[in-house]
Amino acid sequence: MASVARVLIDTPLPQLDRLFDYAIPLALADQVVPGVRVTAPLRAEGRLADGLVVEVGDTSDFDGALTPLESVVSAARVLAPEVWALARRIADRQAGSANDVLRLAIPRRSVAVERKWLAQGAPREVPRAAHPVAGYEGGVIESAVDDGGRVALRSLPGVVELADGSWVGRWAVTLAQAAVRAVIDGRTAILAVPDYRDQEQLEAVLSTMVPAGTVASLDARRTNAQRYAAFLSCLAHPDDSGHTPRIIVGNRSVVYAPAAELGLIALYDDGDPLFAEPLAPYAHARDVALVRQQQQGGALIFAGHTRSVEVQRLVELGYLHDVAPVPLVTPKVVPTAAQQQRQAGDGGRVPSAAFRTATEALQAGPVLVQVGRPGYVSLLACRRCGQAARCTSCAGPLQLSSARSVPSCAWCGRIAGDWACSECNNTSYRMVTRGSGRTAEELGRAFPGTRVIVSDGDRPLTHAPGEPHTLVVATRGAEPIAAGGYAAVILLDGEWMLQRESLHVGDDCLRWWSNAAALAAPGAPTVLVGVGGPLAQALTLWQQHSYAAAQLVDRRALGFPPALRVASVTGKPAAVQAALDALGDVPVRDVLGPAALPAEGPRALDDDFVRAIVRFDYAHGDAVAAALRGAIVRQATGGRRPPAGRKRGRPAPTLRIKLDDPEIL
DNA sequence: AGCACGCCGACT
DNA sequence: GTCGGCGTGCTC
């Protein structure tokens with residue numbers, strides 16, 4: 001019987017991010033098993049810390065008397081061995097703590113839910129019926145699932161009706177079929193999607209293929225109790241030695257779900273920024289999936305209508321296999337020249353070609369109009385000289401919230417009823433950019449007798465009716481699925497969307513447009529308004545991977561990710577300098593900065609913070625992460641306390657390190 | 001984070 | 001000669 005337990009203490013302190021050995025008291029001998037929650041004395045007599053048993057054994061490297069564990073919290077083995085290995089690796093890779101990773105991997109405990117699960121376990125339904133993966137060369141995806149293949153999958157555009165009459169994207173059917181293949185084989189599949197609307201589609205498809213107990217949904221929208229119940233249902237029950245195959249669906253953190261026998265881990269639309277984890281240690285779900293597949297085996301699929309530059313790089317390295325539909329299915333995309341004549345009467349937004357397309361299509365079915373901006377009017381300008389209208393107190397942009405409202409500042413909210421142009425003192429303004437609300441209003445007038453539906457970030461719709469004379473105005477990313485597919489898709493604000501200053505505007509726009517075009521009915525036109533060049537070409541030819549390949553060439557030339565890796569180091573100047581010094585002789589490509597943080601948005605961040613960016617090759621990732629991690633630990637221990645006396649809520653971390661932050665540069 | 005250990009100024 | 005200041009350092 002094991003006498004030593006190796007425990008991860010639940011603490012945010014970076015210097016305690018390692019395993020501590022404890023003696024196992026005889027009374028607890030048969031309860032202390034890997035994965036259970038325990039309490040253990042730490043440092044001072046009587047002070048108890050929570051922890052997780054990572055492993056048990058009979059020896060310890062610690063020379064000193066081992067303190068005995070205090071108690072076992074419950075019999076649930078919430079830290080599965082494969083999740084521990086993943087959390088440790090991800091933390092090390094990101095210069096962070098395993099505890100921070102585990103916060104994403106293990107939901108908060110709910111005693112009632114846990115008691116119920118311990119008493120009755122989880123359903124063990126295993127699906128019987130196979131669902132061959134349709135639309136691809138026979139057996140390509142099946143053999144990837146069977147043999148642990150790694151695939152960059154070009155999803156099928158279009159929508160499909162399910163047995164219950166609801167409609168989903170065809171991409172969801174493909175992933176569900178692949179997942180069923182894995183569970184029939186007795187293994188678990190993890191399907192990660194950017195947001196809950198994608199998740200609903202997967203759940204809808206899966207409900208027609210497998211018994212309900214086979215699917216576990218782990219996403220942030222559920223209550224903690226629901227999430228914990230779903231989480232427990234994926235674990236091995238204490239009374240039961242076997243692994244329970246599951247299809248686990250969820251958003252970005254589902255990549256950490258417990259799956260002892262991993263058959264498949266798949267991401268849909270990996271370029272979506274929602275896959276970037278905003279919590280420390282900021283690991284991108286794509287990277288986690290890559291690491292996990294390497295550790296645990298099973299198949300890896302990155303599916304989507306576009307190709308992220310990161311995935312394209314892996315395809316070119318030969319690490320992922322590019323798989324396209326057979327026969328090729330491509331939406332019909334019609335670009336329009338940049339300076340097209342505008343139709344009168346609709347606010348001048350829709351060029352005449354697109355207007356004609358929409359008018360015609362509305363007779364046959366619903367028409368989708370994708371706009372760039374939510375809200376009503378997001379930018380005003382002087383009617384006389386064209387100067388942008390800005391708030392007099394904070395210089396934020398002025399906006400309108402409805403037809404009759406007074407302009408107000410988008411940043412500070414101040415009402416600007418007395419606005420006058422700062423250049424020419426004129427007091428009348430015009431609308432420069434229109435949001436979904438204003439566009440809907442204008443289009444309603446332009447297409448009389450049409451029902452106009454708005455779907456935006458605030459109130460996104462999942463589904464839209466498939467009836468003619470229905471105009472759906474949606475902001476990019478919030479497009480509902482129309483029954484039967486749209487009779488036409490108009491992509492309106494491309495020109496404006498491309499103006500954003502960012503390394504990946506092009507990728508983002510292509511992704512938004514492609515995802516909207518994928519909602520069209522077979523043969524229905526998608527009109528891209530006012531955009532030409534390689535982006536329009538990639539969309540028209542449905543060759544998003546070619547665009548990604550060209551982007552990768554550019555990134556290599558510029559030395560930008562994913563051609564190489566980057567770490568951003570943010571904090572007080574002294575802390576940043578210490579972190580950079582800690583890099584010592586690690587062979588980094590170069591260090592940009594430190595420089596003052598760019599003042600962005602309504603409020604400038606901590607004004608005395610600086611940021612440096614370290615660029616390095618993939619080969620030196622471990623060394624860079626280890627060095628920066630050392631700086632974090634030193635700064636947490638060595639550093640002086642805040643000037644004595646005051647007790648503030650949170651001593652803001654003075655050093656923040658992000659590896660591979662997609663928003664950098 | 002806490003909390004103990006440790007080496008310099010006023011004290012019964 | 002001690003009691004205690006909170007500057008460093010450790011937590012099995």
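Residue numbering restarts at 1 for every chain, and letters A, B, ... go by the order of the sequence lines.
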**OP:** With heavy atoms under 4.0 Å as the rule, sort A:L13 into base, sugar-phosphate or nothing.
**Re:** base
Original post:
Quick one: A:L16 CG to C:dT11 P, roughly how many Å, whole number?
Top reply: 9 Å
Subject >> Gap between atoms CZ and C1', on A:R47 and C:dC10 respectively (whole Å) >> reply: 13 Å
Subject >> ring centroid sep under 5.5 Å plus plane angle under 30, A:F62 with C:dC12 >> reply: yes
Original post:
What's the CZ-C1' distance between A:R634 and C:dT8, to the nearest Å?
Top reply: 16 Å
Original post:
Do NZ/NE/NH1/NH2 and the carboxylate oxygens of A:R222 and A:E203 come within less than 4.0 Å?
Top reply: yes
Subject >> Rounded interatomic separation in angstrom, taking CD1 from A:I9 and P from B:dC3 >> reply: 16 Å
**OP:** Please report, rounded to the nearest Å, how far the P atom of B:dG2 is from the CG atom of A:D50.
**Re:** 14 Å
**OP:** Determine the sole option in A:I632, A:V576, A:V624 for which the side chain to side chain contact (heavy atoms under 4.5 Å, CB included) test with A:I657 is passed.
**Re:** A:I632
Original post:
At under 4.0 Å between heavy atoms, what does A:Y22 touch on the DNA or RNA strands: base, sugar-phosphate, or nothing?
Top reply: sugar-phosphate
Subject >> Rounded distance in Å - CG (A:L42) to P (B:dC3) >> reply: 11 Å
Subject >> Residue of the set A:R108, A:R103, A:R37, A:R109 for which salt bridge (Lys or Arg N to Asp or Glu O under 4.0 Å) holds with A:D10 >> reply: A:R103
Original post:
A:L69 has an atom CG; how far is it from atom C1' of C:dC12, in whole Å?
Top reply: 10 Å
Original post:
For the pair made of CG in A:D17 and C1' in B:dA1, what is the distance, rounded to whole Å?
Top reply: 15 Å
Subject >> NZ/NE/NH1/NH2 to OD/OE distance under 4.0 Å, A:R93 and A:D622 >> reply: no
